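Presented below is the structure to which this report refers.
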Number of protein chains: 2
Amino acid sequence: MHDVAKEKTSDIIQSVDVAIDVLLHVAKHPDIRLSDISRNIEETKPRILRMLRTLEQRGLVRKSKTGTYRLGNTAIVLGTAASTQVDLVRIANPILEELGQKTNETAQLRIIDNGESLCIAKFEPMRDLRVQAMIGRRRPLFAGSYKVLLAFLQPQVRMQMIPATLPRFTNNTITNHAKLLQELENVRKNGVCVSYGEVSEQLVSVSVPVLAFDGSVIAAINVAAPAFRTQQSDVNRYTLLLKDAAAKISARLGW
Amino acid sequence: MHDVAKEKTSDIIQSVDVAIDVLLHVAKHPDIRLSDISRNIEETKPRILRMLRTLEQRGLVRKSKTGTYRLGNTAIVLGTAASTQVDLVRIANPILEELGQKTNETAQLRIIDNGESLCIAKFEPMRDLRVQAMIGRRRPLFAGSYKVLLAFLQPQVRMQMIPATLPRFTNNTITNHAKLLQELENVRKNGVCVSYGEVSEQLVSVSVPVLAFDGSVIAAINVAAPAFRTQQSDVNRYTLLLKDAAAKISARLGW
DNA sequence: CTGACACGTTACGCTTGACGTAACATCAAA
DNA sequence: TTTGATGTTACGTCAAGCGTAACGTGTCAG
């Protein structure tokens, strides 16, 4: 066996691991059916069926009359408990709300997870047109203002997170490695990253890092707004508010 | 083997089942340590360790530097997804909020789960003194206004849910079987259940059922308030508002 | 200082739990 | 009817996951 791309599964209990795969798959694809899960996860149908039955009996998933699966009540209970247990989220939420109220734009809290940025808290203002945020949504680390997360990583770790070729999303996407590294340098110097439509043409996004006492990056908070109503002065204001909010979060995390 | 109290584990994959035990246990007891989980679940430490490692690698739990475990980021993502996938919760939430705003008291959505009532959605008003509700909290079915859930069950199912001896919580708790059955009869007739301090001395709680098209009970919604500021007129008003809200939920569920 | 007793962790040989194959029933479309 | 999906059951096989035992470590009490 070459086990080229095979993960080293040291001490992981595989049936549980696959069950988590199934659970997260149902989370991502509501009303999915057994066969589709089996195909996507690449496991046999009887195995997936056993998994689903186990999850269902515990209320983590629910089977509809038509045979499709969704998350169940236990998942709600679990998630609610989690929101109060994860310090970062619990602390950030009110600060994020204040930030969103002041800017009247969408604010997010994002962490690095599995080589991507993951939204784990958000605030959306009450106005007709706003940027939509979604808890659980993943975005690349190397494009848009979330690359602030990249900028504050240790150099050797950072390099591993940057793919060989940088995919293009818009005209403004940075696809040149040297340029990206230069930009990361600037971001680190200024403590803020502003994206003018690097991922979506019409959006401006401003992110700052949430740092630990030792300068390591914990998360990023950001404000995203439609480009047409965002002047340079707004960006400056958001930056100040973001830095203030980030400092508050850091402080309240105990540093 | 007598397998007297042994559950029939037909087709359930045990290691996954235990992993769920562990996960829910962490949810219920934040900052718990390996040994305690092992003791409570009654499984060996190596087993639990393997479970925790698997859960941790997927971000469902997180291990602190001191060796205690909490829920992790993935649990948040999961729960958020679940809130949007479970029809009942998604539909009930805005209606519950409206109900809570109108009454200016705490409102809850509760279902039957495992012989208890389980809170799966809530609204708490912005005022200094209010009844606290918590998603995931369980309460008995046979005491307080949640017995509305019991009242609308099919008779044979209902009997199985009522324990041989009814524990007393307060002076007002119904501990007599005949009396309880009589009360359930009234509740079914009136479509509402009012508890004057049956579980907590100082609380008044009003619940109505959310019924399916066929008359089967799906859930209960309730309003709970401190007794000292709740007159009979308030109870009457809550009842009307609750019945209205329950009808809306039923309708929006597609019946 | 030194037992004594927690804690988490590792190693490993044994067993049974969980696996995949194959066959099944059912339905829908061709 | 045939074809090709679906979900499901049954069963014999095998290795995944188990518990035992022993380890290292830290913290109390004596």
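As the structure is a computational prediction, the values presented were derived from the model and not from experiment. Below, chain A is the first sequence line, B the second, and so on; all start at residue 1.
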_Please list all pairs meeting ring-ring contact (aromatic ring centres under 6.0 Å, His included) that have one or both residues in residues 58-87 of chain A, counting only residues at least two apart or in different chains._
none
Show me the side-chain donor-acceptor pairs of residues 140-156 of chain B shorter than 3.5 Å, one per line, residues at least two apart or across chains.
| residue | atom | partner | partner atom | Å |
| --- | --- | --- | --- | --- |
| B/Ser145 | OG | B/Ser205 | OG | 2.6 |
| B/Ser145 | OG | B/Ser207 | OG | 2.6 |
| B/Tyr146 | OH | B/Gln108 | NE2 | 3.2 |
| B/Tyr146 | OH | B/Arg110 | NE | 3.2 |
| B/Lys147 | NZ | B/Gly144 | O | 3.0 |
| B/Lys147 | NZ | B/Glu198 | OE1 | 2.7 |
| B/Lys147 | NZ | B/Glu198 | OE2 | 3.2 |

*To the nearest 0.5 angstrom, please state how far the CG atom of B/Leu60 sits from the CG atom of B/Leu78.*
7.0 Å
_For A/Arg168, salt bridge (charged side-chain N to carboxylate O under 4.0 Å, His left out) partners two or more places apart_ = none
_Whole angstrom value for the distance that separates P of D/dA15 from CD1 of A/Ile12_ = 21 Å
_Atom pair distance, as rounded to whole Å: CD1 in B/Ile37 and P in C/dA6_ = 19 Å
_side-chain hydrogen bond (donor to acceptor under 3.5 Å, both in side chains) pairs, two or more places apart, involving residues 73-82 of chain B_ = none
*Which whole-number value in Å describes the distance from A/Gln14 CD to D/dC18 C1'?*
14 Å
*asked:* Rounding to an integer number of Å, can you tell me how far A/Arg33 CZ sits from D/dG4 P?
replied: 20 Å
*Taking only residues two or more places apart in sequence or in another chain, which ones pass salt bridge (charged side-chain N to carboxylate O under 4.0 Å, His left out) with B/Glu56?*
none
*Excluding sequence neighbours, so at least two apart, what forms salt bridge (charged side-chain N to carboxylate O under 4.0 Å, His left out) with B/Asp244?*
none
_Nearest-angstrom distance from the residue atom CG of B/Asp17 to C1' of D/dC18_ = 16 Å
Show the distances under 3.5 angstrom between N or O atoms of the protein and N or O atoms of nucleotides 26-29 of chain C.
none

*May I have the distance from B/Arg53 (atom CZ) to D/dG17 (atom P), rounded to whole angstrom?*
15 Å
Expected rows: protein N/O vs nucleotides 14-16 of chain C N/O, under 3.5 Å:
none

*Test salt bridge (charged side-chain N to carboxylate O under 4.0 Å, His left out) applied to A/Arg70 - qualifying residues, sequence neighbours left out*: A/Asp31, B/Asp87
_In whole Å, I'd like the distance from the CD1 atom of B/Ile32 to the C1' atom of C/dC7._
15 Å
*Using a cut-off of less than 4.0 Å, is there contact between a side-chain N or O of B/Ser15 and OP1 or OP2 of C/dA18?*
yes
_Can you tell me which nucleotide in C/dC19, C/dT9, D/dT8 comes closest to the side chain of B/Ile13?_
C/dC19
*Do side-chain atoms of A/Asp17 reach the backbone of A/Ile13 as a donor and acceptor pair under 3.5 angstrom?*
no
*Could you pick out which residue, B/Asp36 or B/Arg50, lies toward the 5' side of DNA chain C when each is mapped onto its nearest nucleotide?*
B/Asp36
*asked:* If you take any heavy atom closer than 4.0 Å to DNA chain C, which residues from residues 39-48 of chain B end up in contact?
replied: B/Arg39, B/Lys45, B/Pro46
*Set of side-chain hydrogen bond (donor to acceptor under 3.5 Å, both in side chains) partners for A/Arg139, sequence neighbours left out*: none
*asked:* Does anything in residues 16-58 of chain A form a ring-ring contact (aromatic ring centres under 6.0 Å, His included)? List the pairs, not counting sequence neighbours.
replied: A/His25-A/His29
